[in-house]
Colleague: 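Shown below is the structure under consideration.
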Amino acid sequence: MFIISCPFCGEREQSEFKAGGEAHIIRPKQPTELSDDEWAEYLFMRKNIKGVQFERWNHTHGCRKWFNVVRDTSNDEIKAVYKMGEKPPTV
Amino acid sequence: MKKNLRVKTGKMIDETYRISFKFNGRLYYGFKGDTLASALLANNIHLVGRSFKYHRPRGIMTAGSEEPNAIVQLHENSSRTEPNVRATEIEIYEGLEASSQNCWPSVNFDIGGINNFLSPLLPAGFYYKTFMWPASFWEKYEYFIRRSAGLGKSPTKPDPDIYEHRYIHCDVLVIGAGISGVMAAKTAAKKGLKTLLVDEKPNLGGSTIYQNSDHFKINNQNSSSWLEKEINEIKKLENLEIKTRTSVAAFHGYNFLLARENLTDHLPIEQRKGKTRHKLLKIRAKKVINATGSIERPLIFNNNDRPGILLSSAIKKYADYFGVACGEKNIFLTNNDSAYETAISLIQKGINIEAIIDNREEIDSKLVYEVEKNNIKIFKGFTVIDTSGYKRINKVSIKKLSKDGQKVVGSKINLLCDCLGISGGWTPAVHLFTQSGGKLRFREEDQVFIPNTYPLDQISIGACNGDLTLDEILKNAPASLKVFLNLKDIEYENLEILSNTNKSKRNIWLLPSDKVLGKTNSFVDYQNDATAKDIKLALREGFKSIEHVKRYTTTGMGTDQGKLGNMHALGIISETANAKMGELGTTTFRPPYTPLTFGTIVGRNVGEYFDVVRKTPIHDWHLDNNAEFENVGQWKRAWYYPQNNEDMHQAVQRESKAARESVGILDASTLGKIDIQGTDASEFLNRVYTNAWSKLAIGKCRYGLMLNEDGMVYDDGVTTRLSENHYIMTTTTGGAANVMGKLEDYLQTEWPELDVYLTSVTDHFATVSVCGPNSKKIVSEVIPDLDFSDENFPHMSFKNAKIGKINCRVMRISFTGEHSYEINVQANYGKSVWEKCMEAGKDFNITPYGTETMHLLRAEKGFIIVGQDTDATMTPIDLQMDWIVSKKKYDFIGKRSLYRSDTIREDRKQLVGLLTENPNEVLEEGAQIVADINKSPIEMLGHVTSSYYSPNLKKSIALGVVKGGKNMMGQKLIIPMEKKNINVIVADPVFLDKENKRLNA
């Protein structure tokens, strides 16, 4: 179980959080203008990297805020945590 | 043969405190401090159980948690019975009852022993190979396999004990309280760090605490006396918490560890009442110090599993610690100096040693010289090639090893004995280290895996780090601690150490015999009866990966997880396959290190505490009025209210008739409610629902359907516009939390520019739903100040009102198709408003109805239940609800997906009504729907999602999803059931009042 440092609340147990999949997948502004393939790219395609991955997490049993986590999936080390809308750090 | 093998007072035994216990029904005595194993050995009992596959007689082999053989059932047939308990760990208490496992009718005469003689017919993979075909026979085989499989018997009665979970946070966790762990704990605590020291044994000190030999000294004192003083000192340290009988089960990432603290298993049963039995400790440690020690290796030779064959270190512990001799004619087989330490202990206590057989040819060791001085015969360069004695070893046969150690040469010598101590050197206990993500490296010199790299803030010290002798431990552990804890100096730096162990070892993974391998029984995994020839067979059959060989031969898969033999399995594979040990790697050590009881894992979450129970504010009224309850998520909802011994069907028929003919009342408080405010609230609703919301007038209600981005129906409910920028949304009972989460997600991540605030108010309101042709009369009486005329208060509208001083929100909305009202009040007034409605409805036969009737009423009207009539594959179009999908809106969640090539297919499963040819036949929900019964294989078109007998329509009605169902209206389909085929006609899903006359009646 990780310790995640919520950018709003500080260090908390993983059990207070919920993972929300890959980060920085932006919902298309004009979905109606996309082809089936382009829409499917947004809807279904996720990377699932072994290594450094940018993810969304939600502090469900806390402040309920969404934020981003940079995690090495091979050893679960969390490299960085940053708020929604902030620029991803270089790690 | 009854004998007393107690020699001298053991270090940890209180001979003034006698304890009686039963083993296999017979009464025995031991002393306070004994384990079941030491007490049995003191009574000259070695035979404890039978092996798993061949039912070979097996005895006590070790003195710790690595024990593979001596596992017993405690208190058989009682509610406290427990299988697979290691006799070497359980401390005896007055009234202990233990029995052997895996034998019938008794451990002395076991029918299953026949398997031993059949063993040439039962090679590795026997079950896989034999029972694979013909496939249809599996059911027959399975019955017999299941009957003969399994070790102990699981309890059948409820567990009377209490279990707890506890979180512990500390700066430093020290695992293992041997000499390294004690030094570590003292150092950390004295530095001011909050330290926790845990050990699985009842006492501190590991194996050094009973090392009373002039060959091992620290600062000129016996190592045990030195350590005893250290232990007395650490007990006084304020920063240090010490937990004994506490076994670390798992070492996860982020220094999160699970340990089981055993609090009552050593107490007589009558003293356990009201006490917590086990605590599962969830430990968060800033730093972890592994001081888990090492486990002595057995040796692999022909018939190495007889009762009376023990690890040499175990014999030493039984003698020094418990004051028990394991035999009167002891022989040792060793490849290193450890057996001589044991021999010296036995000599001190006057226990007879017949001989020592040492694989090594030449040895220059002070320990060996001392043993030789006592006129004990040492066979150097020899090995054991066979043993005999069915239920207890009585003879070993030995021969000289060839130079390369691959063969035996010369003539055979037979030696009589009643106990054989074996030592194959030591294996560092790296299990927890590797669980944490640590990687091992193989040390060629003495053929051990030791910690190499690791990701967390931890170190390994002492034997578990590969420092296997006293001088190495005392040289390396303090140095490591100094760096790890960032100290300027450490008190153990200048110790004067005497340690006479010679480190030489002659490692031969599989000792040769004069017989061919196929004729030998050289056990590698004792518990699972995996032998050296099984492993070689697996390699011959093409298994290469160590993980595959493990599963094929079941090596290391018992309750002991192969703590003894895994290294030998690797060694044999490495030699046979000509691969380097370091490159082969090890199998994965998985948690728990030693088995945990289910009680420990679930803790207090049993019975009524299994899960959170949510009750509505009107719950007590339902209880008082004989309601049966249904679980909906965590909610308890009134299901139906049986009267005069009605069954559910009868109650539901009565309730639903009353609701249609006069008036019914439902507790709808569990529906999810989300308060939505902000200047962009209307725009927000436009984006999350499929229909348009901008034009909804203040005071009006609208039904909405929410999709996932993939176009599939996610939730539904009625939302009311309370004022310009204020809405209240209702969700399904089960979907409330998820809908809230989803809305928050979109607001925070996709549309942060929207000025919208969400608050979950589900628990803040109680909702009383009054429905039926007489509903208006009831609510008019309860809320006399409100104008209920259709002009003022039409269907799908909302009013603020007061019941006395209580504020309420009244919605005229309907989930049943009847004229109905929902009264929402502050939760604590819910019951009184409900009772007021009951009072007002007395003359109209107002009938409380539960969820079952609600489901029936809405099905008559063709209203869907999300999650029952839909799964995550139904679009609104599939539900024939095209009317609710806005064509004008540019976007909403899921819109684009509604015209993907897959979602526009005409032959998708679509929701339809189903009417049975026989109106009295009620379909089973979940039943398959087909068109052509003669086609093979039969094409399954869909399934029944909702089905009821409608008392109002006097016929059976059902909803179902059918491929291309939209275009099948009036077509005949078949529901094939076990005993008959039921004919149905595809119908409109709205069975009652399609014109909505009743809503406005």
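Values reported hereafter were calculated over all heavy atoms of this structure, with side chains retained and with hydrogens, waters and symmetry mates removed. Everything numeric here is computed off the predicted structure, so don't read it as measured data. Residue numbers start from 1 in every chain, and the chains themselves are labelled A, B, ... in the order their sequence lines are given, proteins ahead of strands.
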Colleague: Under a 4.5 Å cut-off applied to non-hydrogen side-chain atoms, are A/Tyr42 and B/Glu709 in contact?
Modeller: yes
Colleague: Let's go through B/Tyr167 and A/Glu13 carefully: what are the C-alpha distance in whole Å and the side-chain angles of both, what is the deciding distance for side-chain contact (heavy atoms from CB on, under 4.5 Å) to 0.1 Å, and is it a yes or a no?
Modeller: CA-CA 11 Å; B/Tyr167 280 91; A/Glu13 278 256 340; 3.9 Å; yes
Colleague: With a 4.5 Å cut-off on side-chain heavy atoms, are A/Met1 and B/His252 touching?
Modeller: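 Heavy-atom side-chain distance check fails, nothing below 4.5 Å.
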Colleague: With a 4.5 angstrom heavy-atom cut-off, could you sort out which part of A/Glu33 is near chain B: side chain, backbone, both or neither?
Modeller: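 For A/Glu33, side-chain heavy atoms alone lie under 4.5 Å from chain B.
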Colleague: For B/Lys889, does the NZ atom have more than 12 heavy-atom neighbours from other residues, nucleotides or ligands under 6.0 Å away?
Modeller: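 Buried by this count: over 12 neighbours within 6.0 Å.
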Colleague: Which region of B/Tyr746, side chain (C-beta onward) or backbone (N, CA, C, O), has a non-hydrogen atom less than 4.5 Å from a non-hydrogen atom of chain A, or is it both or neither?
Modeller: side chain
Colleague: What residue in A/Ala40, A/Pro28, A/Gly20, A/Ser35 has the most heavy-atom pairs under 4.5 Å with chain B?
Modeller: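 If we count pairs closer than 4.5 Å to chain B, A/Ser35 comes out on top.
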Colleague: If you count heavy-atom pairs within less than 4.5 Å of chain A, which of B/Ser901, B/Gly437, B/Ala737 leads?
Modeller: B/Ser901
Colleague: Just give me the residue among B/Arg900, B/Lys282, B/Arg896 that pairs up with chain A most often, heavy atom to heavy atom, under 4.5 Å.
Modeller: B/Arg896
Colleague: Select one option (side chain, backbone, both, neither) describing which atoms of A/Ile25 are under 4.5 Å from chain B's heavy atoms.
Modeller: backbone
Colleague: Report the option among B/Lys895, B/Gln748, B/Glu750, B/Met740 that has the most heavy-atom pairs separated by less than 4.5 Å from atoms of chain A.
Modeller: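 Heavy-atom pairs under 4.5 Å are most numerous for B/Gln748.
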Colleague: To the nearest 0.5 Å, what is the distance between OH on B/Tyr254 and CD1 on A/Ile4?
Modeller: 7.5 Å
Colleague: A quick test of your reading: do over 12 heavy atoms of other residues, nucleotides or ligands sit less than 6.0 Å from CZ of B/Phe610?
Modeller: no
Colleague: Could you give me the CA-CA distance, side-chain angles and deciding distance for B/Asp745 and A/Arg64, then say whether salt bridge (Lys or Arg N to Asp or Glu O under 4.0 Å) is met?
Modeller: CA-CA 9 Å; B/Asp745 185 353; A/Arg64 294 193 67 84; over 6 Å; no
Colleague: What part of A/Trp66 is in contact with chain B, defined as an atom under 4.5 angstrom from a non-hydrogen atom: side chain, backbone, both or neither?
Modeller: both
Colleague: Heavy-atom cut-off 4.5 Å, strictly under: side chain, backbone, both or neither for B/Asp710 against chain A?
Modeller: both
Colleague: Give me the atom names and distance for the closest heavy-atom approach of B/Ile893 to A/Arg27.
Modeller: CA-NH2, 3.8 Å
Colleague: Mind running side-chain contact (heavy atoms from CB on, under 4.5 Å) on A/Thr32 and B/Tyr899 for me, showing each step along the way?
Modeller: CA-CA 9 Å; A/Thr32 44; B/Tyr899 52 92; 3.2 Å; yes
Colleague: Count the heavy atoms of every other residue, nucleotide or ligand shown that sit under 6.0 Å from CD of B/Glu753, and state whether that count exceeds 12.
Modeller: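 Yes, because the 6.0 Å sphere around CD of B/Glu753 holds more than 12 heavy atoms from other groups.
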Colleague: Counting only heavy atoms closer than 4.5 Å, note whether A/Leu43 contacts chain B via side chain, backbone, both or neither.
Modeller: side chain
